[in-house]
Amino acid sequence: QVQLVESGGGLVQAGGSLRLSCAASGRAFSMYTMGWFRQVPGKEREFVAAINWSGGGTSYTDSVKGRFTISRDNTKNTVYLQMNSLKPEDTAVYYCAANKFGMVTSTSYEYDYWGQGTQVTVSS
């Protein structure tokens, strides 16, 4: 079992930056692919970014390419999402997720563990 705890959300003006963190329990963290998703009320959860076990493979949804960067520190059991040039449309609850089979995937049902989410609000 893996527990994921997100932090770093908050209120920021358009054009600003935030860094989300996701701390994971368990010794198998370094074997998991990690992903970030986001969701707004009334809409489906949306893939944002993912990173493989080594950090050498990443994937992003088109709308955040060039603005967001996913990274991980396996010594700290933590994955990060650096968000720059934020836009009001980035406003959502951001969730961290772990895929124990190690595939870099944008499909939410392929992730096995989820955090509780952290709110990101971008004002115009």
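- At least one side-chain heavy atom of Y60 sits less than 4.5 Å from a side-chain heavy atom of T69.
- The neighbour count for Q3 CD, taken as heavy atoms of other residues, nucleotides or ligands under 6.0 Å away, does not exceed 12.
- The closest side-chain heavy-atom distance from T91 to V120 is not below 4.5 Å.
- Taking the salt bridge (charged side-chain N to carboxylate O under 4.0 Å, His left out) definition, one finds that R67 meets it with D90, sequence neighbours left out.
- To the nearest 0.5 Å, atom OG1 of residue T121 and atom CG of residue L86 are 10.5 Å apart.
- Listed here is the closest heavy atom pair of V104 and S59: CG1-CB, 3.7 Å.
- Side-chain atoms of V12 and M83, non-hydrogen and from C-beta on, never get closer than 4.5 Å to each other.
- From E6, atom CD reaches atom CD of Q119 across 12.0 Å, with rounding to the nearest 0.5 Å.
- C22 contributes atom SG, which lies 13.5 Å from atom OH of Y113 (distance to the nearest 0.5 angstrom).
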Would F29 and N74 satisfy side chain to side chain contact (heavy atoms under 4.5 Å, CB included), going step by step from the backbone distance to the final call? CA-CA 7 Å; F29 173 81; N74 288 341; 3.2 Å; yes
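- The nearest pair of heavy atoms linking T78 to S21 is CG2-CB, 4.3 Å.
- The two residues L4 and M34 have their closest heavy-atom pair at CD2-CE, 4.0 Å.
- Pairing each heavy atom of G26 with each of N77, the nearest pair is O-ND2, 2.8 Å.
- Rounding to the nearest 0.5 angstrom, the gap separating the CG atom in D112 from the CG atom in N99 is 5.5 Å.
- Of the inter-residue distances, the one linking S124 atom OG with K87 atom NZ reads 14.0 Å to the nearest 0.5 angstrom.
- S63 and R38 get closest at one heavy-atom pair: OG-NH2, 3.4 Å.
- With side-chain heavy atoms closer than 4.5 Å counting as contact, directly or through intermediates, the hydrophobic cluster containing Y111 also holds F37, F47, V93, Y95, W114.
- In this structure, OG in S7 is found 9.0 Å from CD in Q116, a value given to the nearest 0.5 Å.
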For a side chain to side chain contact (heavy atoms under 4.5 Å, CB included) check, start with the C-alpha distance between W36 and V79, then their side-chain angles and the critical distance, and finish with the verdict. CA-CA 9 Å; W36 286 98; V79 63; 4.0 Å; yes
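- Residues S17 and Q82 share a closest heavy-atom pair of CB-NE2, 4.0 Å.
- Within the 4.5 Å cutoff, side-chain heavy atoms of L81 are placed close to those of F68.
- For the pair R72 and Y32, the cation-pi test (distance below 6.0 Å, angle within 45°) is failed.
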